[in-house]
Amino acid sequence: MPYLPPTTAIAEPLTLPVNLRVRRAIRDLIDQAAKSQGRSRAEFMIDAARRAAEEALLDQTLVRVDRQTYEQFLTVLDQPPGGEGFDRLMLAPSPWKQ
């Protein structure tokens, strides 16, 4: 029997509309941010919504490890920060103080 793709893949358009109503101040803020990045309002909002959705789902991700790996993880967390990378970070000038 030949492979047939799911019917939803054939029937659905490549993009779907999403309609939102927002206060003028919020729309103006979004427009200003989009313009600062050289993007349209739609591009900016789609990217921001996609990133927020990914973060929301990643925050709910459960990582399972064995007891030994978990204990090692806790040991690393309990160690004080240090090393070349940490020292370099602490010596870097704060951008808001320049």
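Every residue was checked against the side-chain hydrogen bond (donor to acceptor under 3.5 Å, both in side chains) condition with Gln32, not counting sequence neighbours, and none meets it. Qualifying side-chain hydrogen bond (donor to acceptor under 3.5 Å, both in side chains) partners for Arg41, counting only residues two or more places apart in sequence or in other chains: Asp31. Shown here are the salt bridge (charged side-chain N to carboxylate O under 4.0 Å, His left out) partners of Arg21, two or more places apart in sequence or in another chain: there are none. In terms of the side-chain contact (heavy atoms from CB on, under 4.5 Å) criterion, residue partners of Glu43 (sequence neighbours excluded) are, by chain and number, Arg39, Ser40. Partners of Arg51 by salt bridge (charged side-chain N to carboxylate O under 4.0 Å, His left out), not counting sequence neighbours, listed by chain and number: Asp47. Residues satisfying the side-chain contact (heavy atoms from CB on, under 4.5 Å) test with Asp66, not counting sequence neighbours, are Gln68, Thr69. Remark: Arg64 engages Leu62 in a side-chain contact (heavy atoms from CB on, under 4.5 Å) (not counting sequence neighbours). Glu54 pairs by the side-chain hydrogen bond (donor to acceptor under 3.5 Å, both in side chains) definition with Arg50, not counting sequence neighbours. Judged as a side-chain contact (heavy atoms from CB on, under 4.5 Å), and not counting sequence neighbours, the contacts of Phe73 are Leu77.
Other members of the hydrophobic cluster containing Val18, listed by chain and number, are Leu20, Val22, Ile26, Ile30, Phe44, Met45; membership follows side-chain contacts under 4.5 Å among ILVMFWY residues, whether direct or relayed. Other cluster members for Val76: none, since no ILVMFWY side-chain heavy atom sits under 4.5 Å from it.
Transitive grouping of hydrophobic side chains (ILVMFWY, heavy atoms separated by less than 4.5 Å) keeps Val63 and Leu58 in distinct clusters.
Sorted by first and then second residue, the side chain to side chain donor-acceptor pair (under 3.5 Å) pairs involving residues 71-81 (not counting sequence neighbours) form an empty list.
In this structure, CD in Glu84 is found 12.0 Å from CG in Leu89, a value given to the nearest 0.5 Å.
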